[in-house]
Amino acid sequence: MTRASKQYTAEDFTHRISVKEYIAGYRDEKRILGYCQACRQFAKSWACPPYSHDLLAELMQYKEILLLATKVTVLEPGLPISEAQTLLRPERIRAEKLLRDWEREKGGKAFAYAGECLYCPPGTCTRSAGEPCRHPELVRPSLEAYGFDIAKTTSELFGIELKWGREGLLPEYLVLVSGLFY
């Protein structure tokens with residue numbers, strides 16, 4: 001089903017894969033977490049690494065992952081990249097609610113889209129102060145935060161190549177990737 005707004009259309013795609021196969025083919029922890037370390041949110045948000053537990057052991061307790069790719073096609077050419085989070089916010093909220101619903105139905109652990117947390121205003125996460133998360137029931141890590149290669153995931157499992165902005169402008173479409181390990 002395609003959803004539309006004045007600025008974009010959005011369509012969801014799903015793909016099931018075994019956890020063992022997804023880890024073997026799409027997890028490149030050292031390389032991907034290197035990108036995380038270069039991000040300004042690294043160690044400053046409860047949704048971001050580093051984590052103090054064994055990520056691989058956590059993932060291996062599950063059998064399958066149901067991946068969700070949301071392709072958001074921009075209808076207004078020439079939008080600045082700075083508009084990406086505003087443009088994507090409604091789809092992030094919708095996808096994260098869907099993931100939490102899947103968690104309740106199937107059990108398991110949901111992984112949301114990378115980016116700033118939706119639940120606290122920018123720069124107010126309690127992690128930097130060494131305090132517990134204000135919204136642990138809502139916050140989910142991203143697949144990237146656990147070392148998964150999203151470009152490879154979208155191209156090989158969904159047939160969607162990631163696009164990158166140029167000259168400060170958004171590409172023709174953006175892709176949000178999330179999933180449920182269960």
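Computed from heavy atoms alone, side chains included, the values below leave out hydrogens, waters and symmetry copies.
- In this model, a donor atom of one side chain and an acceptor atom of the other lie less than 3.5 Å apart for Glu156 and Tyr26.
- Taking every heavy atom of both residues into account, Val139 and Tyr119 meet most closely at CG2-CD1, 4.0 Å.
- Ring pair Tyr51/Tyr146: centre-to-centre distance below 6.0 Å.
- Counted by atom type alone, Tyr22 and Glu64 present zero donor-acceptor pairs between their side chains at under 3.5 Å.
- Between Pro90 and Thr86, the closest heavy-atom pair is CD-O, 3.6 Å.
- Here the closest non-hydrogen pair linking Lys6 and Glu76 is O-OE2, 3.8 Å.
- Side-chain atoms of Glu161 and Tyr173 form no donor-acceptor pair, as typed in the model, at a separation below 3.5 Å.
- A salt bridge links Arg31 to Asp28: one of the charged nitrogens lies within less than 4.0 Å of a carboxylate oxygen.
- Between Ala145 and Pro49, the shortest heavy-atom distance links the atoms CB-CD, 3.7 Å.
- Checked by atom type, the side-chain pair Glu91/Tyr113 shows no donor-acceptor distance below 3.5 Å.
- Classification of Asp12 and Arg94 as a salt-bridged pair holds, one side-chain N sitting under 4.0 Å from a carboxylate O.
- The pair Glu11-Arg3 does not count as a salt bridge, with every side-chain nitrogen at least 4.0 angstrom from each carboxylate oxygen.
- Hydrophobic clustering (ILVMFWY, side-chain heavy atoms < 4.5 Å, transitive): Phe158 and Phe148 are in one cluster.
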